Amino acid sequence: MGFFFEVLIGGLLSGVLYALVALGFVLIYKASGVFNFAQGAMVFFAALTFVGFQALLPGWTGLEEGSVMVFWLAFILALASMIVLGILTEKVVLRPLVNQPQITLFMATIGLSFLVEGIAQAIWGANVRALDLGIADEPIGWILDSADMIVSSFDVFAAALAGILVAALALFFQYTKVGRALRAVADDHQAALSIGIPLQHIWAIVWGVAGFVALVAGLIWGARSGVQFALTFTALKALPVLILGGFTSVPGAIVGGLIIGASEKLAEVYIGPFVGGGIEGWFPYMLALFFLLVRPEGLFGEKHIDRV
Amino acid sequence: MLYREAGQFKASYKEDQQIFPIRQDRVGMAVILAIFFLAVPMFASEYWLQAILIPVLIFSLAAIGLNILTGYAGQLSLGSAAFMAVGAFGAYNFMLRIDGMPFIVALILGGLCSALVGVAFGLPSLRIKGFYLAVATLAAQFFIVWALVKFPWFSNHSSSGVISAQEVNILGFAFDTPVLKYLLTLAVVVVLALLAKNLVRSTTGRRWMAVRDMDVAAEVIGIRPMRAKLSAFAVSSFYCGVAGALYAYTYLGTVEPEGFNLDLSFKILFMIIIGGVGSILGSFLGAAFIVLLPIFLNVFMHSVFAGSLPAGLGSNLELIVFGGLIIFFLIVEPHGLARLWTLAKDKLRLWPFPH
Amino acid sequence: MMNDMAQDATAEGGRRIGEVILDLQHISLSFGGVNALTDISFDVREHEIRSIIGPNGAGKSSMLNVMNGVYHPQKGNILFRGEPRQKMDPHTAAAQGIARTFQNIALFKGMTVLDNIMTGRNLKMKCNLLEHALFWGKAQREEIEHRKKVEDVIDFLEIQSIRKTPVGRLPYGLQKRVELGRALAAEPTLLLLDEPMAGMNVEEKQDMCRFILDVNDQFGTTIVLIEHDMGVVMDISDRVVVLDYGKKIGDGPPDEVKNNADVIAAYLGTSH
Ligand SMILES: Nc1ncnc2c1ncn2[C@@H]1O[C@H](COP(=O)(O)OP(=O)(O)OP(=O)(O)O)[C@@H](O)[C@H]1O
Ligand SMILES: [Mg+2]
């Protein structure tokens with residue numbers, strides 16, 4: 001039983017991270033009505049830009065390598081790059097495609113993900129780069145002693161960070177003026193325009209926040225496995241979460257993330273050995289699909305009848 | 001006045017419904033077929049046949065498959081490569097396990113396997129739409145490749161699922177040179193392309209497009225969305241499956257499941273976006289474009305940097321150019337190269353007397 | 001086609017109004033908390049033009065959607081030709097000879113006028129996918145046979161010149177006409193029209209009126225019509241149902257309905 005919980009906890013912890021990436025999708029979907037496939041590329045871009053600046057800054061400024069100052073400066077520069085990237089995306093790619101079918105927008109973001117990946121590597125190179133956040137990745141002693149379970153301190157830290165961020169965003173949506181404006185935009189673009197909410201500002205803020213989320217996700221994932229092209233696959237991890245939770249629901253993203261995280265680890269451990277393992281790649285998708293067959297409106301969606 | 005429709009009055013609906021109603025189109029088609037069947041085999045080098053013409057033809061077929069599903073029936077799929085894999089491994093196993101299996105039959109059976117799998121993965125389309133469905137097709141992409149690697153039976157217990165295509169032999173005649181392989185591929189692709197053209201202009205095609213354009217209205221006039229969608233999945237996967245089998249048998253010779261990855265699926269999607277969504281001709285144009293572009297970029301880079309090519313720049317440039325082009329086409333010419341061709345024809349139709 | 005049908009209709013006595021073909025009993029329909037229809041009963045007789053009127057949001061479109069199985073009422077019975085209908089879907093309705101047009105044009109935007117109208121005949125086309133792929137012999141004959149019928153519809157609606165135009169490029173009035181063509185191509189016995197003249201100028205309205213009357217007259221098609229233009233409604237309807245806030249407040253011949261106190265109140269209370 002201890003082993004079961006160990007796997008479950010590991011799964012839930014990574015589920016929080018999935019939720020974080022999924023939240024990036026939800027944010028942009030709410031603001032721009034776009035399912036942004038390039039979110040994974042943006043995670044990659046953010047992390048790569050961060051480590052890139054982190055390496056360059058000491059040379060430019062004479063600051064000590066690995067110092068807190070360098071960390072935060074690099075963080076700010078990376079965040080600024082993300083905001084610029086977001087605004088450019090909004091202006092150059094999405095604005096001209098307004099009123100196009102959603103499928104077209106979706107395909108455009110697939111193109112965007114190639115573009116962003118190419119640009120990121122053209123600027124910073126394609127090598128795997130190490131990223132150290134100064135958090136050890138080892139079993140937490142007292143849990144190991146008292147419950148005989150291996151729970152990584154890094155996972156707990158990452159999950160806590162992601163959890164705080166997710167909670168903060170949920171509150172932001174619920175209680176701030178921008179958050180409410182954003183919900184109005186998501187419900188009805190035209191209506192929001194006629195109320196006079198400055199869409200430009202909202203877009204800028206949302207892309208900024210989405211960039212921030214991507215950066216944090218990129219840092220956590222990058223610290224775990226190195227900053228490399230594989231970071232783009234974080235999006236692929238978040239997609240089933242979105243099918244499950246719906247593209248518009250913040251709680252859906254969170255609950256969906258936890259379900260996917262936990263079930264994928266449990267499935268790998270308990271079903272995997274019978275079929276040769278490696279089922280993490282597709283299991284979440286199948287799970288989400290079967291779920292949808294039963295409940296097409298998703299976890300938190302409402303049943304909806306097409307109006308004719 | 002080379003290209004004119006005027007004066008060619010259709011005396012009957014039968015004439016109006018020919019596959020190429022305009023005489024110049026029929027002549028043009030005959031000339032193109034003559035060039036590709038007769039002139040190309042005589043003059044093309046081995047490199048051109050093997051590295052360009054054969055893959056362009058095969059990808060055209062896969063693109064037609066995806067176009068049927070996405071362009072005509074409106075269901076976006078990100079799993080085309082996986083269906084190609086099913087076709088390749090299907091044909092391989094029929095050839096391997098049944099003595100005296102004729103290649104063409106194995107090709108068709110491989111396609112049918114793929115059609116079956118396609119229908120299974122198309123089932124969610126009955127409940128979910130749009131990009132939800134697109135994401136769901138990723139399940140097919142990951143699951144199929146995984147299954148082909150993990151179950152050694154599919155690859156006859158070779159390591160990591162690599163298969164080597166058997167020799168292609170039709171009626172005792174071995175297709176073992178590049179020219180012969182090219183001709184075989186060309187014949188299969190031409191026949192299937194014509195069948196596809198027929199399908200999309202028939203009631204089947206109209207049902208697909210009706211479901212694509214407005215599914216509620218389609219249902220109200222008695223079209224069953226379920227049948228329309230699943231038949232699109234079946235036909236589309238069949239085409240991808242046959243393309244996959246050709247990919248193994250006339251192009252690469254040796255393939256592994258991992259070769260049919262998400263990147264390849266994206267490439268096929270890019271072909272139809274650039275070539276023209278909802279156009280059979282566009283599938284050919286898009287495939288040619290996507291195959292030729294990297295070659296062109298490579299030549300271009302080498303001439304610019306003359307040997308001192310920065311490492312990795314080539315592949316990054318490719319990503320940037322692909323991504324940029326997709327966005328460009330979606331914004332500027334959503335009907336792709338095929339549309340440019342139609343526009344050119346319209347111009348020609350009026351030339352030399354523009355009104 | 002048109003001629004055959006016209007003859008059938010004359011044989012039956014042309015415009016003579018016949019039996020009840022559609023009987024709606026105590027229909028109630030709600031969406032979430034919104035009651036779109038509350039306990040509505042009325043019937044439709046063969047060969048008549050039956051209009052449904054009422055202010056915006058009264059539930060008229062919902063009523064049509066119930067008739068051809070797009071919406072499923074929570075309560076009530078529907079008898080079609082005397083047979084009770086349990087679970088009804090739009091496909092079955094179409095197979096039973098019910099066709100319709102929509103309030104917001106629901107044409108297939110990417111297809112030509114000809115193809116749009118051809119889809120209207122899809123239930124009558126029997127060839128399978130393989131035959132379509134070969135497009136030889138049977139499939140070709142079938143296509144030509146149905147093409148002829150569709151050309152009759154095109155002639156009837158006087159849209160010969162736009163045959164091969166993609167419908168997305170047509171002006172609104174013509175799109176409405178094409179949509180009527182698609183419904184007519186199915187040779188329906190019951191035709192449901194949801195505001196076929198909305199947004200049209202006087203001339204276009206006159207044309208549309210003429211088409212509706214001709215269809216009814218020549219082919220004996222039963223028509224259920226939703227329309228806001230009172231002049232038109234009073235002119236061409238045999239009987240009129242009035243809805244307001246999902247309830248039936250009037251039912252009868254135009255003259256009777258016009259003088260009904262509830263109806264007058266409902267119309268004066270809203271801006272029409
Ligand atoms: N699919 C649906 N989902 C939710 N509510 C709906 C749906 N269809 C109709 N309604 C609601 O039912 C009520 C009746 O709508 P309906 O469209 O039938 O009115 P109508 O009489 O056709 O009005 P109009 O003249 O504006 O066309 C309205 O309150 C509408 O909002
Ligand atoms: Mg209405």
Side-chain angles (χ1 to χ4, degrees), chain A residues 34-35 37-38 41 92-93 96-97 100-123 125-127 233 236 239-240 242-243 246-247 275-290 292-298 306-308, chain B residues 70 74-76 78 121 123-124 126-147 149-152 214-217 220 262-263 266 269-270 272-273 277 310-313 315-332 334:
Chain A
V34 179
F35 173 52
F37 192 85
V92 179
V93 182
L97 287 172
Q100 292 293 316
Q102 287 198 320
I103 280 289
T104 305
L105 285 161
F106 176 60
M107 293 194 284
T109 64
I110 295 180
L112 181 66
S113 72
F114 274 63
L115 190 62
V116 170
E117 287 160 16
I119 291 175
Q121 296 191 84
I123 298 175
N127 301 330
F233 301 148
L236 295 179
L239 294 182
L242 291 162
I243 320 186
F247 289 94
V275 290
I279 65 176
E280 269 171 302
W282 56 264
F283 183 81
Y285 285 93
M286 290 295 196
L287 184 75
L289 272 188
F290 278 112
L292 273 189
L293 287 179
V294 186
R295 222 187 120 79
E297 59 272 23
D306 280 343
R307 205 177 277 243
V308 288
Chain B
T70 303
Q75 315 292 309
L76 181 56
L78 301 179
F121 280 98
L123 284 173
L126 309 180
R127 305 295 297 265
I128 54 177
K129 292 178 186 172
F131 46 69
Y132 277 85
L133 179 67
V135 170
T137 57
L138 286 174
Q141 175 65 54
F142 296 132
F143 179 80
I144 290 170
V145 170
W146 171 85
V149 174
K150 287 297 173 186
F151 297 100
M214 185 151 278
D215 51 357
V216 183
V220 164
L262 185 59
D263 260 345
F266 279 147
L269 177 64
F270 290 176
I272 71 167
I273 295 176
V277 174
L313 192 61
S315 64
N316 289 330
L317 192 71
E318 207 178 302
L319 286 175
I320 294 173
V321 172
F322 271 143
L325 276 173
I326 292 307
I327 296 171
F328 174 83
F329 268 94
L330 285 172
I331 294 176
V332 179

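The analysis underlying the following values was restricted to heavy atoms, covering all of them including side chains, and did not include hydrogens, waters or symmetry mates. Letters A, B, ... are given to chains in the order of the sequence lines, protein chains preceding strands, and every chain is numbered from 1. Quick caveat: nothing in here was measured; it's all calculated off a predicted structure.
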Query raised in the report: Quick one: what part of A:Leu97 sits under 4.5 Å from any heavy atom of chain B, side chain, backbone, both or neither?
Result: side chain
Requested in this report: Please indicate whether B:Phe151 has more than 12 foreign heavy atoms, meaning atoms of other residues, nucleotides or ligands, lying under 6.0 Å from its CZ.
Outcome: yes
Report summary line: If you tally heavy-atom pairs under 4.5 Å between each of B:Phe322, B:Phe266, B:Phe143, B:Trp146 and chain A, the highest tally belongs to B:Trp146
Report summary line: Whatever's closer than 4.5 Å to a heavy atom in chain B on A:Val116 counts as neither
**Report entry** Close aromatic pair by centroid cut-off 6.0 Å: B:Phe142 and A:Trp282
**Finding:** no
Query raised in the report: Under a 4.5 Å heavy-atom cutoff, which of B:Leu269, B:Val149, B:Val145, B:Val216 has the most pairs with chain A?
Result: B:Val216
Report summary line: Looking only at heavy atoms, the pair that brings A:Ala288 and A:Ile243 closest together is CB-CB, 4.1 Å
Query raised in the report: If you count heavy-atom pairs under 4.5 Å with chain B, which of A:Gly277, A:Ser113, A:Pro96 comes out on top?
Result: A:Gly277
Query - Contacting moiety of B:Ile320, where chain A heavy atoms sit under 4.5 Å - result: both
Report task. Let me know if B:Phe328 has heavy atoms under 4.5 Å from chain A in its side chain, its backbone, both or neither. Result -> neither
Query raised in the report: If every non-hydrogen atom of B:Arg127 is compared with every non-hydrogen atom of A:Val294, which pair is closest and at what distance?
Result: NH2-O, 4.4 Å
Report summary line: When the 4.5 angstrom heavy-atom criterion is applied to B:Ile128 and chain A, the contacting part is side chain
Query - Interface residue of largest heavy-atom contact number with chain B, from A:Ala126, A:Pro101, A:Gly118, under 4.5 Å - result: A:Gly118
Report summary line: Note: A:Phe37 and A:Leu239 closest approach over all heavy atoms is CE1-CD1, 3.9 Å
Requested in this report: Measure B:Phe270 against the heavy atoms of chain A and call it side chain, backbone, both or neither at under 4.5 Å.
Outcome: side chain
Query raised in the report: Measuring heavy-atom distances to chain A, does B:Ile273 have an atom under 4.5 Å in its side chain, in its backbone, in both, or in neither?
Result: side chain
Query raised in the report: Looking at A:Gly111 and B:Ile327, what are the two nearest heavy atoms and their distance?
Result: C-CD1, 4.2 Å
Report summary line: In terms of heavy-atom contacts, A:Val93 and A:Ala108 come closest through CG1-CB, 4.2 Å
Report task. Might you point out which heavy atoms bring B:Pro124 and B:Phe121 nearest each other, and give the distance in Å? Result -> CD-O, 3.1 Å
Requested in this report: Let me know if A:Ile279 has heavy atoms under 4.5 Å from chain B in its side chain, its backbone, both or neither.
Outcome: both
Report summary line: Okay, B:Leu262 and chain A: the region with an atom under 4.5 Å from a heavy atom over there is side chain
Could you give the side-chain donor-acceptor pairs of residues 130-140 of chain B under 3.5 Å, partners two or more places apart or in another chain?
from	atom 1	to	atom 2	distance (Å)
B:Tyr132	OH	A:Phe247	N	3.1
B:Thr137	OG1	B:Leu78	N	2.8
B:Thr137	OG1	B:Ala134	O	2.5

